[in-house]
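Read through the structure below, which is laid out as structure tokens, and then see the notes.
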Amino acid sequence: MFFLMRTACCRVFLYPFLGKMTEVWAELSAYEGEFDLEKENCILISSGKNWMEQAAKDQLLAVSRLPGVVKAVGLPDLHPGRIPVGTAVLSRGVLYPHLLGNDIGCGMSLFDTGVKKKKFKQEKWVSRLEAVRELEDIPFSNPYEEECPIRDLGTLGGGNHFAEFQCVERIYDQEAAGSLGLCADRILLLVHCGSRGYGQEILSRFWVPEGLADGSEQAEAYMAEHDRALRWAVRNRRAAAQKLLAWLGGASEPELLMDSCHNYLERTKDGLLHRKGSVSASKGAVVIPGSRGSLTYVCIPREDTAVSLNSLSHGAGRKWARSICKSRIDQKYDRDSIRCTGLKSRVVCHDTNLLFAEAPEAYKNVEQVMGVLQEYGQRIGGSL
DNA sequence: ATGTAC
């Protein structure tokens with residue numbers, strides 16, 4: 001299990017608005033001549049400055065051509081995966097379990113720890129966390145009146161999952177910050193994880209290359225399990241926060257300020273909306289974190305986001321494949337320096353490969369991604 | 001991203 005703790009000096013911005021996404025701004029020049037953009041159902045929200053791997057664009061295009069797919073959107077953090085990450089895909093008649101992947105319900109929960117900023121002792125918390133090693137080692141009993149399908153409730157898992165203590169760096173809109181319950185003098189806790197092995201197990205049971213016919217018994221059974229995974233993923237994030245605070249001696253319960261899911265299927269009036277690494281722009285404020293060396297943004301999306309299937313990026317997005325990270329930056333760090341960040345935060349993680357795989361260098365610049373989301377509207381205006 | 005096998 002990967003347990004990454006970024007302590008102190010991480011900051012939350014409150015962005016007043018995201019750009020008004022009102023026109024298709026495609027950056028698919030690589031495909032010039034290959035298809036007529038006007039007739040394609042594939043949109044990439046990016047800009048010339050926003051570097052994107054060719055493989056990711058190829059994957060997005062392939063997804064957009066699956067039977068039943070009405071529209072496929074790539075967000076500015078799009079990067080290749082088994083299926084491309086940073087996508088929103090609308091289909092009719094067919095449901096594709098693999099388009100949302102194995103970690104069904106994965107998302108971000110932002111909590112107020114109730115701990116005052118001036119009471120925060122970084123070194124003390126770091127030692128305490130290093131002593132426990134893994135969240136699996138902190139016992140937690142299921143408080144819900146439903147059998148828990150997750151083997152270890154309140155654990156983060158691996159990959160890009162993390163728990164991070166943060167505090168507000170800058171507020172752009174005091175009123176909005178107040179209504180969201182963001183307090184500048186408090187330590188916040190951002191938890192990114194999902195349904196662990198449960199989502200994986202669901203995918204393995206329902207995955208078929210041709211997808212599931214909407215309305216079929218299989219599709220209904222998948223949706224029931226999917227909804228259960230979403231429910232338990234939220235509980236898993238909460239349980240992780242509860243365990244952490246209890247372990248660190250926090251007196252109060254973590255208070256949930258915001259929660260968003262970025263791997264899930266939503267039934268909309270237009271069809272089945274598959275989100276893989278993209279978050280809804282229609283459910284209030286969203287948290288968009290960067291890599292562990294950068295800031296996290298709390299954003300209030302604008303209303304007119306139909307062009308991106310009402311979706312936003314869920315983070316900075318990978319720039320380097322996990323497998324190549326260690327060899328690229330191995331020499332740059334020693335045992336201690338890889339565990340510190342440019343924001344003077346500390347990283348607690350016992351898995352060396354994971355520390356390198358999730359290094360800030362492996363990620364895009366989150367400000368770049370935020371810039372595309374914001375600029376997208378500024379340069380366009382008008383209505384869709 | 002995951003659990004398990006190598």
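Lettering of chains follows the sequences in order, A, B, ..., and the numbering in each one begins at 1. Both backbone and side-chain heavy atoms feed into the values below; hydrogens, waters and symmetry mates do not.
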In this structure, how many angstroms lie between the [atom2] atom of [N] and the [atom1] atom of [X], rounded?
X        : N     : atom1 : atom2 : value
A:Glu201 : B:dT2 : CD    : P     : 15 Å
A:His192 : B:dT2 : NE2   : C1'   : 14 Å
A:Asp103 : B:dT2 : CG    : P     : 5 Å

Hydrophobic cluster of A:Leu203, others only, ordered by chain and residue number, side-chain cut-off 4.5 Å: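 Joined to A:Leu203, directly or through intermediates: A:Trp207.
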
Quick one: ring pair (Phe, Tyr, Trp, His ring centres under 6.0 Å) partners of [X], sequence neighbours excluded?
X        : answer
A:His262 : A:His192, A:His314
A:Phe206 : A:Tyr222
A:Tyr144 : A:Trp232

Can you pull every protein N or O that's under 3.5 Å from an N or O on nucleotides 4-6 of chain B?
unit_1 : atom_1 : unit_2   : atom_2 : d
B:dT4  : OP2    : A:Arg151 : NH1    : 3.3

Qualifying salt bridge (charged side-chain N to carboxylate O under 4.0 Å, His left out) pairs with a residue from residues 256-275 of chain A, counting only residues at least two apart or across chains: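 Every pair satisfying salt bridge (charged side-chain N to carboxylate O under 4.0 Å, His left out) with a residue in residues 256-275 of chain A: A:Asp214-A:Arg267, A:Glu220-A:Arg267, A:Arg237-A:Asp259, A:Glu266-A:Arg275.
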
